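Have a look at the structure below, then the notes.
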Amino acid sequence: GAGVSQSPRYKVAKRGQDVALRCDPISGHVSLFWYQQALGQGPEFLTYFQNEAQLDKSGLPSDRFFAERPEGSVSTLKIQRTQQEDSAVYLCASSIGSYNEQFFGPGTRLTVL
Amino acid sequence: RKEVEQDPGPFNVPEGATVAFNCTYSNSASQSFFWYRQDCRKEPKLLMSVYSSGNEDGRFTAQLNRASQYISLLIRDSKLSDSATYLCVVNMELSNFGNEKLTFGTGTRLTIIP
């Protein structure tokens with residue numbers, strides 16, 4: 001069965017460029033999460049959706065980060081005017097509902113030059 | 001102080017040995033607890049949940065001490081395939097919406113040596 005998929009798997013951006021990262025959750029999963037994982041660190045929470053509603057965006061590091069899930073399925077994380085400190089792996093996870101196991105996608109490795 | 005703290009290691013352990021990791025968390029209102037495993041350049045995967053009464057899954061035993069706010073993971077008869085980073089994870093309920101937020105520790109890197 002299909003797991004969580006993310007695209008692109010690797011992205012190199014020049015500083016100041018806008019990027020969009022896509023997440024396809026497991027079909028039927030209500031909850032969707034975005035995490036940022038810097039090298040040598042654990043994943044850090046960015047934002048959480050329940051269906052199309054963004055219930056928590058407290059982890060987004062700045063207003064350059066924006067996430068959406070307009071139809072309650074696919075989600076996009078957009079980073080405007082990328083900075084070098086945005087370089088990290090961006091992980092998406094989905095779960096069938098609240099407090100159920102979160103299944104992670106393979107991540108998008110973003111490098112900002 | 002970090003919300004979830006772990007010794008980053010690395011732990012280099014001979015095959016067949018027993019190894020234990022501890023993790024502490026700062027928020028006493030934390031609701032649920034997990035150990036995730038992350039292989040190099042791969043995504044985290046749930047290893048096991050941690051229950052108040054302690055729980056075991058094969059060679060793996062997890063324990064929770066709410067009074068002292070720490071979680072432990074014990075691996076017995078370690079295998080080469082156990083080499084990975086082990087992430088301590090705490091779920092803190094933020095609101096009545098069922099709004100959940102996993103908070104990860106830095107991870108403990110384990111290498112099993114033949």
Side-chain angles (χ1 to χ4, degrees), chain A residues 2-7 9-10 21 23-26 29-60 67 88-111, chain B residues 2-10 21 23-27 29-51 55 57 62 71 73 84-110:
Chain A
V4 179
S5 60
Q6 293 186 244
S7 61
R9 291 292 312 279
Y10 302 90
L21 313 180
C23 172
D24 284 82
I26 294 172
H29 277 198
V30 168
S31 301
L32 186 145
F33 307 81
W34 284 97
Y35 296 87
Q36 181 191 59
Q37 186 171 22
L39 190 63
Q41 302 295 315
E44 292 203 3
F45 171 84
L46 293 177
T47 187
Y48 161 57
F49 290 86
Q50 192 173 88
N51 295 306
E52 68 279 3
Q54 189 174 21
L55 297 188
D56 187 348
K57 53 183 181 179
S58 62
L60 296 176
V89 175
Y90 290 85
L91 293 162
C92 175
S94 71
S95 70
I96 199 164
S98 297
Y99 304 107
N100 286 275
E101 178 181 353
Q102 294 186 21
F103 294 86
F104 283 80
T108 294
R109 184 175 296 274
L110 173 66
T111 303
Chain B
K2 287 187 176 180
E3 291 180 285
V4 179
E5 292 204 59
Q6 293 181 253
D7 181 345
F21 309 133
C23 158
T24 58
Y25 61 94
S26 61
N27 190 335
S30 299
Q31 296 293 314
S32 48
F33 310 88
F34 310 92
W35 285 100
Y36 274 70
R37 171 191 169 130
Q38 187 170 29
D39 292 294
C40 188
R41 293 184 169 264
K42 298 285 189 181
E43 70 272 22
K45 292 185 178 177
L46 179 65
L47 177 66
M48 59 196 303
S49 301
V50 187
Y51 302 116
N55 48 301
D57 182 2
I71 308 152
L73 176 68
T85 295
Y86 291 84
L87 296 159
C88 176
V89 187
V90 174
N91 191 341
M92 305 179 201
E93 183 174 355
L94 296 180
S95 73
N96 293 328
F97 289 106
N99 188 2
E100 53 187 303
K101 170 185 171 183
L102 292 185
T103 301
F104 287 77
T106 305
T108 298
R109 188 171 166 189
L110 172 67

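The sequence lines fix the lettering, A, B, ..., with proteins before strands; numbering per chain opens at 1. Only heavy atoms go into these numbers, but all of them, side chains included; no hydrogens, no water, no symmetry mates. Values in this document were obtained by computation on a predicted structure and should not be read as measured data.
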Return all side-chain donor-acceptor pairs below 3.5 angstrom for residues 101-111 of chain A, not counting sequence neighbours, or 'none' if the list is empty.
from: A:Q102; atom 1: OE1; to: A:Y35; atom 2: OH; distance (Å): 2.8
from: A:T108; atom 1: OG1; to: A:P8; atom 2: O; distance (Å): 2.5

Reference residue B:D39; test side chain to side chain donor-acceptor pair (under 3.5 Å); the match among B:R37, B:R41, B:K42
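Per the side chain to side chain donor-acceptor pair (under 3.5 Å) rule, the option paired with B:D39 is B:R37, out of B:R37, B:R41, B:K42.
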Does A:N51 reach the main-chain N or O of A:A53 with its side chain, forming a donor-acceptor pair under 3.5 Å?
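No; zero donor-acceptor contacts below 3.5 Å.
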Tell me, out of B:L102, B:V4, B:V89, B:L87, who's got the most heavy-atom pairs with chain A below 4.5 Å.
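Ranked by contacts with chain A, first place is B:L102.
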Which residue out of B:G105, B:S49, B:P8, B:P44 racks up the most heavy-atom pairs below 4.5 Å with chain A?
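Maximum pair count with chain A is reached by B:P44.
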By a 4.5 Å heavy-atom criterion (distance strictly below it), what part of B:Y36 contacts chain A: side chain, backbone, both, or neither?
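Looking at B:Y36, just its side chain touches chain A.
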Holding to side chain to side chain donor-acceptor pair (under 3.5 Å), I want the full list of residues that pass it with B:Q6, two or more places apart in sequence or in another chain.
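Only B:T108 meet the side chain to side chain donor-acceptor pair (under 3.5 Å) criterion with B:Q6.
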Count the heavy-atom pairs under 4.5 Å between each of A:G40, A:G42, A:G97, A:P43 and chain B, then report the option with the highest count.
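The candidate making the most pairs under 4.5 Å is A:P43.
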